[in-house]
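Below is one structure, written out as structure tokens; the observations come after it.
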Amino acid sequence: MRSIRAAAVGAVTMSLALAASACGGGSSTGGGSSDSPKTLTYWASNQGASIAVDKKVLQPELDKFEKQTGIKVKLEVVPWSDLLNRILTATTSGQGPDVLNIGNTWSASLQATGAMLPWNAENFAKIGGKDRFVDSALGSTGAADKDPAAVPLYSMAYALYYNKKMFAAAGISKPPTTWDELIADGKKLSKDGKWGLGAEGSNPSENIHHAFVFARQHGAEFFTADGKADFTNDKVVAAVKQYVDLMAKDKIIAPGNAEYAQNQSVSDFAKGKNAMLLWQSAAANLKSQGLSEDDYGIAPVPVQSGTPGTGDQINSMVAGINLAVFKNTHNVDGATKFVKFLTSDAEQKILNTAYTSIPPVKTAQEDPAFNSPANAVLKDTLAKSAAALPQVADESQFETAVGTAIKDLFATAAAGRAVSTDTVKSALQKAQQQMPAK
């Protein structure tokens with residue numbers, strides 16, 4: 001997908017600033033109702049290899065919901081490149097869906113707009129209770145001192161996917177466990193028009209996810225304890241440089257990946273153009289593109305040294321998708337029923353199987369269907385070595401500002417220009433200047 005343009009940063013900031021006076025959903029009246037009890041509009045995020053794949057997965061389930069309740073759900077699958085901006089526009093215009101998927105990292109930012117239905121004890125009771133959900137998923141539903149802004153739908157973690165045949169041909173016997181090993185293996189694999197590792201350099205969200213992991217491994221945070229942006233501290237700068245250097249210095253990522261933002265790196269991996277891929281729950285996407293599970297292996301994302309764990313051994317953000325309801329929906333009862341339906345044990349098994357993600361519902365997660373070798377790596381990562389991105393009100397601006405800065409650094413690398421420490425620090429300084437003043 002194409003990244004959010006730099007100009008959108010100001011729009012994001014303005015959207016959040018205005019949201020308190022114009023929070024919205026299905027209407028601009030400022031309050032939920034059940035005036036349209038027979039219809040719902042649902043914005044789903046693009047989880048599969050294409051929007052067509054998502055429609056094929058979701059439409060039968062929406063038809064099932066209509067048959068059970070008499071409520072027709074109008075589905076729109078929104079590309080990740082557009083989703084955040086469209087949500088923020090909806091919070092100010094009052095014209096949005098009733099129910100929507102959000103990246104779990106946006107929960108606190110959208111919570112701050114006041115536009116989302118708060119999931120207090122009463123609302124959780126309507127969908128079976130808060131204790132149905134695993135703690136790691138609930139940790140990315142909003143600020144800790146407030147009622148959640150959303151309900152977990154899919155849980156994911158990053159893993160390293162590697163092509164077994166390409167590894168064998170290069171004489172590599174096992175997947176890398178450290179970044180030094182990954183770079184060494186990547187150099188052996190980067191030849192004859194093929195590359196060691198794929199990336200989505202033009203995707204701000206993907207950039208943030210990887211930069212967050214590198215930062216934690218350097219013992220760094222992007223925000224201070226009191227929530228102020230701290231993008232230019234030496235450890236953050238070193239972390240971002242290490243990530244961009246995979247293309248700029250180590251040259252194991254193709255320069256063309258600087259333009260990737262629409263799952264192209266996944267497609268390249270499926271086609272054997274890249275030997276390794278860092279991705280969230282990629283198995284279903286790869287299968288839809290014709291790659292057999294026998295052709296690749298799955299391992300934890302590398303760390304600086306040692307093995308994944310807590311502290312500076314974090315190797316994934318707590319990835320996932322949450323379900324939110326616009327507070328002024330015209331069908332608050334139907335929206336609640338729809339959330340209950342999608343988070344039921346039966347639907348959790350169907351949907352998370354389709355997307356090879358992990359159910360955030362405890363009883364569904366325990367199902368044997370989620371005990372495959374691939375899921376074992378993801379579940380272990382979520383349990384032991386993943387951390388939630390900052391649950392601060394400015395998180396969406398952070399993703400846009402820093403993610404776009406990293407996009408620009410990848411563009412610099414792709415053009416063959418040096419990416420020095422000073423270059424990285426300057427880019428991050430500009431990103432920090434775009435954040436709201438504290």
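These numbers were taken from a predicted model, which means no experiment stands behind them. Heavy-atom basis, side chains included; hydrogens, waters and symmetry copies ignored.
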Within the distance-only criterion (no hydrogens, no angle test), does the side chain of [X] pair as donor or acceptor with the backbone N or O of [Y] below 3.5 angstrom?
X      : Y      : value
Ser155 : Pro359 : no
Gln432 : Phe231 : yes
Gln217 : Pro302 : yes
Glu347 : Asn352 : no
Gln47  : Tyr355 : no
Asn207 : Gly201 : yes
Glu200 : Gln264 : yes
Thr329 : Phe326 : no
Asp250 : Ile183 : no
Lys251 : Ala248 : yes

> Going through the distances and angles, do Ser385 and Asn315 end up as a side-chain hydrogen bond (donor to acceptor under 3.5 Å, both in side chains)?
Replying inline: CA-CA 6 Å; Ser385 59; Asn315 67 343; 2.7 Å; yes
Over 12 foreign heavy atoms within 6.0 Å of [atom1], [X]:
X      : atom1 : result
Lys362 : NZ    : yes
Asn120 : CG    : yes
Lys379 : NZ    : yes
Lys430 : NZ    : no
Lys287 : NZ    : no

Check the angle between the aromatic planes of [X] and [Y] and answer parallel, tilted or perpendicular using the 30° and 60° thresholds.
X      : Y      : value
Tyr161 : Tyr296 : tilted
Phe341 : Phe65  : tilted
Tyr243 : His210 : tilted
Phe398 : Phe222 : tilted

> Do you know which two heavy atoms are closest between Gly142 and Gln391, and how far apart they sit?
Replying inline: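 Where Gly142 meets Gln391 most closely, the heavy atoms are N-OE1, 3.1 Å.
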>> List the residues meeting ring-ring contact (aromatic ring centres under 6.0 Å, His included) with Trp279, not counting sequence neighbours, and say none if there are none.
In response: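 Trp279: no ring-ring contact (aromatic ring centres under 6.0 Å, His included) contacts found.
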Got a second to check how far [X]'s [atom1] is from [Y]'s [atom2], nearest 0.5 Å?
X      : Y      : atom1 : atom2 : answer
Leu88  : Thr113 : CG    : OG1   : 8.0 Å
Asp394 : Gln434 : CG    : CD    : 12.5 Å
Gln280 : Ser357 : CD    : OG    : 10.0 Å
Glu122 : Asp147 : CD    : CG    : 11.0 Å
His330 : Thr41  : NE2   : OG1   : 10.0 Å

> side-chain contact (heavy atoms from CB on, under 4.5 Å) with Asn104: which of Leu138, Leu389, Asn322?
Replying inline: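 Going through the options one by one, the only one that passes is Asn322.
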> For Gln289, what residues pass the side chain to side chain contact (heavy atoms under 4.5 Å, CB included) criterion, not counting sequence neighbours?
Replying inline: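 By the side chain to side chain contact (heavy atoms under 4.5 Å, CB included) rule, Gln289 matches Ala49, Val266, Ser267, Ala270, Asn285.
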> Do Phe133 and Val361 come close enough that some side-chain heavy atom pair is under 4.5 Å?
Replying inline: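 The answer is yes, as the side chains (C-beta and beyond) meet within the 4.5 Å cut-off.
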> Side chains of Pro97 and Tyr42: closer than 4.5 Å at any heavy-atom pair?
Replying inline: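 With C-beta onward as the side chain, the pair stays apart.
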>> As a quick check of understanding, evaluate salt bridge (Lys or Arg N to Asp or Glu O under 4.0 Å) for Asp82 and Arg86, giving each step before the final call.
In response: CA-CA 6 Å; Asp82 301 331; Arg86 288 192 60 184; 5.9 Å; no
>> Do Glu206 and Trp80 pair up side chain to side chain, a donor and an acceptor below 3.5 Å, judged on atom types alone?
In response: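 No, no side-chain donor-acceptor contact under 3.5 Å.
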> Does the side chain of Ser205 pick up a donor-acceptor pair with the side chain of Glu399 at under 3.5 Å?
Replying inline: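 Judged by distance alone, the side chains do pair up.
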>> Could you go through Tyr154 and Leu351, starting from their C-alpha distance and side-chain angles, then the distance that decides it, and tell me whether this counts as side-chain contact (heavy atoms from CB on, under 4.5 Å)?
In response: CA-CA 8 Å; Tyr154 312 129; Leu351 295 175; 3.7 Å; yes
